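Beneath this line is the structure, given in structure tokens, with notes to follow.
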2 protein chains.
Amino acid sequence: MKKHTREALLDSAFNTFYKHGFQGANIATILNDVGINKGSMYHFFKSKKDLGLTVVEERIARNLVNKYTSVKSVKELFDVLCSAPKTLIYGCPLNKMSQEMIYIDSDFQKILSTTYAKFETLIQEVLEREEVTNSALKAKQIIATYEGALMIYHLNQNADCFVSVLRALEKEL
Amino acid sequence: MKKHTREALLDSAFNTFYKHGFQGANIATILNDVGINKGSMYHFFKSKKDLGLTVVEERIARNLVNKYTSVKSVKELFDVLCSAPKTLIYGCPLNKMSQEMIYIDSDFQKILSTTYAKFETLIQEVLEREEVTNSALKAKQIIATYEGALMIYHLNQNADCFVSVLRALEKEL
DNA sequence: AATTTACTTGACTGTTTAGTCAACAAGCAA
DNA sequence: TTGCTTGTTGACTAAACAGTCAAGTAAATT
């Protein structure tokens, strides 16, 4: 039960922040969900903010890296991107937290910007692997379209446009 | 001073919600900013939520409509979109509020979805005016790219990619 | 077995916050 | 002037919430 509490806390905190936002999230909800008490959480994390920053590092950033480092081709990349609406039920966690936090807290701003940069680099590397020209700009185009289309999907509650927009982009590369 | 208080309240509320999010916003800050007292606000709005929904209607949606109904050509549309980073200092207000609220409160979900639909229709109409084929999908493509690029701009604090991504999209129409 | 370290408990504190209310003032119509 | 509607005041309430702490238990170290 040593590592378990900390990891369970991060899992539950990720889910809660993902749905309610960082500011809207209630620590009591997380504690109740994990089935532990206050002091136990404050043993591992010195504040709600500390918990939030660790969620970005050890959940959001880590999931992103795991997902995209295994991607080898452009086709594979688009397949992964197109499968997003099934899993990202409240939108893109990185995007959502960025929109909320970057102009509110500079520590969040730093870690979220860094995480985004990693994401962009991973996409760029996939493009370079197949010698796509102008990979830096193309990576940004792909991410921009992906993030925007995901938002439209959630606002419309309709995945049709999400996949068609991404497939149209794929053809233009 | 009859209409003034209500309008000043909506202006300040819009700015505060835009920066801090709806949940993170503090009513006392808004009241202090406008220079009035609690009861005065609750004379015009029955709750914070009521204020929030009215901000969406009378500020976010109205600004959007005013901005895009005057746009007549595709070139003009992209000029307006490309000028966004200078004015939208905390990102796209509609996108930001949507990411925060659509899975938290169904009244916000409804009004934000409706507002988004209006936005999409306006863009589509500009495309149709110049007989762009497949205007429904193209409108979604433009908005997706625009929203995503705006996010990247804010996370990177660098506008270069924003304009190049949008200009690249313009050429593909 | 003894002692230190790691983890847990849950009541408690202090603050922040949305929302209420009764009394008061201004604008206006008769 | 009188009365009515609209808007304003600011103290008050009640709840929610992040964070603390002293005392306890479990686990590892010697």
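Here is the naming used below: chain letters follow the sequence lines, and residue numbers restart at 1 for every chain. All values reported here derive from a predicted model rather than from experimental measurement.
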In [range], which ones come under 4.0 Å of DNA chain C, going by heavy atoms?
| range | result |
| --- | --- |
| residues 104-111 of chain B | none |
| residues 16-28 of chain B | B:Ala25, B:Asn26, B:Ile27 |
| residues 47-59 of chain B | B:Ser47, B:Lys48 |

Under the side chain to side chain donor-acceptor pair (under 3.5 Å) definition, can you give me all pairs with a residue in [range], not counting sequence neighbours?
| range | value |
| --- | --- |
| residues 44-55 of chain B | B:Lys49-B:Asp105, B:Lys49-B:Asp107 |
| residues 33-42 of chain B | B:Ser12-B:Asp33 |
| residues 141-153 of chain B | B:Asn95-B:Glu147 |
| residues 17-32 of chain A | A:Gln23-A:Glu100 |

(request) Using the salt bridge (Lys or Arg N to Asp or Glu O under 4.0 Å) rule, collect all pairs that involve residues 61-72 of chain A, keeping only residues at least two apart or in two chains. (result)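 Sorted result for residues 61-72 of chain A: empty, none.
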(message) List the residues meeting side chain to side chain donor-acceptor pair (under 3.5 Å) with B:Asn63, not counting sequence neighbours, and say none if there are none.
(response)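 B:Asn63 satisfies side chain to side chain donor-acceptor pair (under 3.5 Å) with no residue once adjacent residues are dropped.
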(request) Round to the nearest Å and state the distance from A:Leu9 atom CG to D:dG19 atom P. (result)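 The answer, rounded to whole Å, is 13 Å.
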(request) Look at the side chain of A:Ser40 and decide which nucleotide, out of D:dT20, C:dT8, D:dA11, has an atom nearest to it. (result)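 Between D:dT20, C:dT8, D:dA11, the one nearest the side chain of A:Ser40 would be C:dT8.
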(message) What's the closest nucleotide to the side chain of B:Phe44 if the choices are D:dT20, C:dT20, D:dT8?
(response)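 The answer is D:dT8, which lies nearest to the side chain.
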List for me each residue that meets side chain to side chain contact (heavy atoms under 4.5 Å, CB included) alongside [X], sequence neighbours excluded, and say none if there are none.
| X | answer |
| --- | --- |
| B:Thr121 | B:Glu125 |
| B:Val163 | B:Cys82, B:Arg167 |
| B:Ser73 | B:Lys75, B:Glu76, B:Glu130 |

(message) Is there a path of hydrophobic side-chain contacts, each under 4.5 Å between heavy atoms, that joins A:Leu81 and A:Leu137?
(response)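 In one cluster with A:Leu81: A:Leu137, no.
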Is any side-chain N or O of [X] closer than 4.0 Å to OP1 or OP2 of [N]?
| X | N | result |
| --- | --- | --- |
| A:Thr5 | C:dT8 | yes |
| A:Asn37 | C:dG10 | yes |
| B:His43 | D:dG7 | yes |

